[in-house]
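Heads up, the thing below is written out as structure tokens.
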Amino acid sequence: MQSLAVNLHTHSYSIHTGRGLSGQVRSEANQLQTKGHKVAVVTDANIVRTQNSWLLDAFGNIPTLILPPGETTKSFAHLQSCCEFFAEHKLDRNSAVFAFGGGVIGDLTGFAAAVFLRGISFYQIPTTLLAMVDSSVGGKTGINIPAGKNLVGAFQQPKAVFADVNLLNSLPEREFSAGMAEVIKHGMLADSALFEILASADRLHPDHPDMAGIIRRNCSIKASIVQADERETAKDGGRALLNLGHTFGHAIEAVAGYGTLLHGEAVAIGLLLATKLSVALQLVDHSNIARVEHVLSRYNLPIRLPSPLSLEELMLSMTRDKKVRSGTLRFVGLRALGEACTIDSVNPNLVRDLWLESGAVSPH
Ligand SMILES: NC(=O)c1ccc[n+]([C@@H]2O[C@H](COP(=O)([O-])OP(=O)(O)OC[C@H]3O[C@@H](n4cnc5c(N)ncnc54)[C@H](O)[C@@H]3O)[C@@H](O)[C@H]2O)c1
């Protein structure tokens, strides 16, 4: 197991990565219980089905709330289920909850931990690639509402993250690819050498000997960005750069309906759109479009909308995104492959053209 520190003043924590970490998680939970702290676990039904022995090995008979899988679980209804479960098991201010799952379980459980008793401790035990390289790091938690994704939430840093690469063995291939979209994003925004590895070295898979190292490299990219701008308040750049591809991606998810495309798949389409936007604004050379398309296709990720979506709805959804500042659309673009920048005041007609090129439709 290797550990990486996320330095955030009063709430710093470690990200532990490696293979076979259920014993380490068990001893963390045991230590809490030995000190008299109550603990609970939140997970989803797919994980219980596929990783039951890991779950039992790490958590034994610790009370476990099993939620339905999928994006729609990130809702007020399931926030309530979590809080009621914590109350039923008499969790108090010294208690801790373990989020054992993908980004959905991590975001929901972290938010429930932030609001239950005005805040209790939580641990992230990510079980998807996306959660290992992205959502479990950085402390953003929340749920979706019909008006948009993640519109309700809180910053709540975990006590620690344990990323056991072996858990990826049961992850469906499509979900693994969706996680690769965030890995590709990190390469595009901050690490050109990582992007080159993704473009040219062996295709990564859960058993690949470099997998743990790649996950660590991604956590380190995200951690250093979060350390510099924890609450995304930097005027330019900063944590907002992690949203590369997301202004487009979130609009696709909202208009197509949550769960139609996986989050990482929507982000993949968004990454290519962000590259095309950067080319149109003459920030990067046209050849980058083919390079990004190549890497996305290598991991079976979509590069255009699989079925037509309404242009007007996509444009409307973008204006509702959290990343809108003072009413103007804000994008993340590329200054080079491996270096991102924030872009304000983009001409909406350019964005419309990019959507149409990607398969959006307009009645006019
Ligand atoms: N908080 C953040 O900073 C942040 C960053 C990126 C994404 N997100 C959020 O993360 C969510 C997407 O996360 P995700 O892609 O992990 O989706 P997910 O949590 O829905 O998991 C994907 C699917 O895989 C199943 N699964 C999980 N682990 C498994 C395993 N080991 N074996 C077999 N099946 C398994 C789940 O049941 C689910 O069906 C989105 O809601 C997105 O908004 C948050």
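As the structure lists them, so they are numbered: ligands from 1, and atoms in each ligand from 1.
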Qualifying residue, where the test is side-chain hydrogen bond (donor to acceptor under 3.5 Å, both in side chains) with Gln157 and the options are Glu230, Gln124, His11: Glu230
Polar contact flag for Thr141 and ligand 1 (N/O pairs, less than 3.5 Å): no
Contact with ligand 1 for Met132, non-hydrogen, under 4.0 angstrom: no
Ligand 1-proximal atoms of Asp44, by part, heavy-atom distance under 4.0 Å: side chain
Region of Glu253 that comes within reach of ligand 1 [heavy atoms, distance under 4.0 Å]: neither
Donor + acceptor pair across side chains of His37, Ser95 (<3.5 Å): no
Ligand 1-proximal atoms of Pro172, by part, heavy-atom distance under 4.0 Å: side chain
Min N/O separation Leu168 to ligand 1 under 3.5 Å: no
Geometric N/O contact Asp134 with ligand 1, under 3.5 angstrom: no
Protein heavy-atom partner closest to atom 4 (C) of ligand 1 - residue, atom, separation in Å: Ser135 CB, 3.2 Å
Nitrogen or oxygen of Leu167 less than 3.5 angstrom from that of ligand 1: yes
Nearest non-hydrogen protein atom, atom 30 (C) of ligand 1: Ser170 OG, 3.5 Å
N-O pairing of Lys140 and Glu232 below 4.0 Å: yes
Under-4.0 Å heavy-atom contact with ligand 1, by part of Asn144 that carries it: neither
